[in-house]
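Report on the following structure.
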Amino acid sequence: MGEFRMPSLGADMTEGTLLEWLVRPGDVVHRGDVVAVVDTSKSAIDVEVFQDGRVERLLVEPGTTVPVGQPLALLSDEGAAGSTAPPAPVPVAASAPVPEPHEAHIAASPFARRRAVELGVDLSSVSGHGGVISVADVERAAAGREESATVAPVSSPAPVSSPAPEASSHARAMREAIAALMARSKKEIPHYYLTLDIDLHTSLGWLTSRNAGLPVDARVVPAALLLKAVAVAAAEFPEMNGHVVDGAYRPADRVNLGVAVALRGGGLMAPALVDADRLDLDALMTAMKDLVARARGGRLRSSEMSDGTLTVTNLGEQGAQSVHGVIYPPQVALVGFGRIAERPVALEGLLGVHPVTTATLAADHRVSDGHRGGLFLARIAELLDEPENLVGGRP
Amino acid sequence: MNAQDSHDLVLRVIAQIAPDVDVGSLDEDRDMRRELDLDSLDFQTLVERIAEETGVQIPETDYPQVRSLRGMAEYVAAAGTPSA
């Protein structure tokens, strides 16, 4: 008999609210299956189970907030033993472990999920506009239900008229979570910072001609190339890619690249692209699009929330020139890219104008020194100078 | 597709990508990346959805022409109209 517990979905999480069970007692589950949806201060997360088994009993009702580590369900071993099909092997080859889109799930924002639980609204009965259910849709559904049931005593005390306090309290919770994590990072981690300008003339020229022959949905954006270069370099620099646990450094044996995603309306998440170095460039682009869309739409998986080994923050096309980032504990490094801009560069004694980004590294002095950090940034620049080598996945 | 149709289409796609934006109050001549706070992935998604809905594949070399709402709507209207 095993227990399925409230997972820690990031170093800043102390409790979570069970929003929805996706399994029932008697169901057979396999390691990696999504079994529940949990709301953290940041988002609704699809939670995966870590073992094979059969669901014996659900211990916690949807809508309940419990601390990390509390058992949520009991699992028995029997169903797993009886099944002849082995669990899917961890993909290691060129085949991309792109997370499956959650077609079977209902698309709803994290706020909307939380509100639906509060108001007792079944999300499957709500129609969203633009394909995604919003708080307003949920409240409209709740209001309609109450209007149609005027005779029956309505037990729900929740006000239906003011969505703003709920949204702002969620924003506040997220801000507090970010603040706590970043304060801890600044207190515990002796950061050092390095900067390197990287000339992207070669890589962007190559990318432009590659994209020119492709339909829109097959084009790769520069950010994907930058992420790929960091992932490949990280596999070669174990002191940049891992975690400090109980005061000791544990290098990771794979590269799960955290991608800092700014949320519309404020806030930040850094879900991970699992095995980013092993993805070929097209698969990485697809996975990044999917990850960012789900981070903003509120459908991330627990492994993506907790398994990042190194994070990249990319200021994109409109941002500032460089970012000296704050490391996500328990990780030990963060790579930043400032916006790509045309800048004067020296070329064999003459001046030219090339697209340039300023790459930065924030790294943990408990684990590495500036010398190695400098080599790490230089390796990223070197990889970007030979973009055709970044097309395939690392074996 | 006439100019009004393509304008409405672009607004509809924008409402999916940036649901928090009041599309009625947009400055139609401003760079949408600024006006709507779109990152490169959002812009890519916008171009993808336009291609899905209209079949118009905007090459990257033409992106400077479609950075504003008006530019995008005019481009799609012109490209979606078979030339006689």
Side-chain angles (χ1 to χ4, degrees), chain A residues 107-109 111-112 128-137 167 171 204-205 207-227 259-266 285-293 295-297 313-319 337 339-340, chain B residues 1 6 8-27 29-69 71-73 75-76 79-80:
Chain A
S109 76
F111 296 161
H129 63 286
V132 179
I133 296 169
S134 68
V135 168
D137 298 325
L204 294 191
L207 195 60
T208 301
S209 44
R210 184 174 190 265
N211 283 341
L214 296 174
V216 177
D217 59 4
R219 292 176 197 161
V220 169
V221 298
L225 201 61
L226 299 177
L227 290 178
V259 181
V261 179
L263 302 182
R264 299 196 68 84
M285 176 68 192
T286 304
M288 177 175 78
K289 271 199 277 195
D290 178 55
L291 189 74
V292 172
R296 291 181 174 152
T313 182
N314 185 348
L315 298 182
E317 299 176 334
Q318 305 291 310
F337 290 103
R339 82 155 145 170
I340 300 168
Chain B
M1 176 171 285
S6 70
D8 293 347
L9 170 71
V10 176
L11 279 185
R12 199 165 72 239
V13 174
I14 285 172
Q16 292 166 8
I17 295 171
D20 50 319
V21 169
D22 174 11
V23 291
S25 66
L26 286 182
D27 180 341
D29 293 310
R30 207 158 168 246
D31 188 326
M32 286 186 280
R33 293 172 299 175
R34 286 260 165 139
E35 183 75 1
L36 305 168
D37 194 14
L38 302 184
D39 62 20
S40 63
L41 267 189
D42 293 327
F43 193 81
Q44 183 73 15
T45 304
L46 175 62
V47 175
E48 269 183 51
R49 297 259 170 89
I50 297 283
E52 282 165 19
E53 301 248 355
T54 65
V56 176
Q57 300 268 343
I58 306 173
E60 280 188 337
T61 45
D62 285 349
Y63 281 4
Q65 298 175 46
V66 298
R67 291 296 190 194
S68 72
L69 173 58
M72 178 74 89
Y75 188 101
V76 171

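Letters A, B, ... are given to chains in the order of the sequence lines, protein chains preceding strands, and every chain is numbered from 1.
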Who among B:D39, B:L41, B:D31, B:I17 has the most heavy-atom pairs with chain A under 4.5 Å?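 With the most close heavy-atom pairs to chain A, the winner is B:L41.
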
Heavy-atom contact with chain B under 4.5 Å, split by part of A:M285: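 Looking at A:M285, just its side chain touches chain B.
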
Under 3.5 Å, is there a donor-acceptor pair between the side chain of A:R264 and the main chain of B:V21?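 No, A:R264 side chain to B:V21 backbone: no donor-acceptor pair under 3.5 Å.
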
Using only atom types and a distance under 3.5 Å, with no angle test, would you say the side chain of B:Q57 pairs donor to acceptor with the backbone of A:V216?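 Confirmed, B:Q57 side chain pairs with A:V216 backbone.
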
Side chain, backbone, both or neither of B:A15 within contact of chain A (heavy atoms, under 4.5 Å):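 Answer is neither: B:A15 stays 4.5 Å or more from chain A.
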
Taking side chain as everything from C-beta outward and backbone as N, CA, C, O, which of these in B:I58 sits under 4.5 Å from a heavy atom of chain A? Side chain, backbone, both or neither.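 The answer is the backbone of B:I58.
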
Minimum heavy-atom distance between B:E60 and A:T208, given as atom pair plus value: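 Reported closest heavy-atom pair: OE1-CA, 4.0 Å.
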
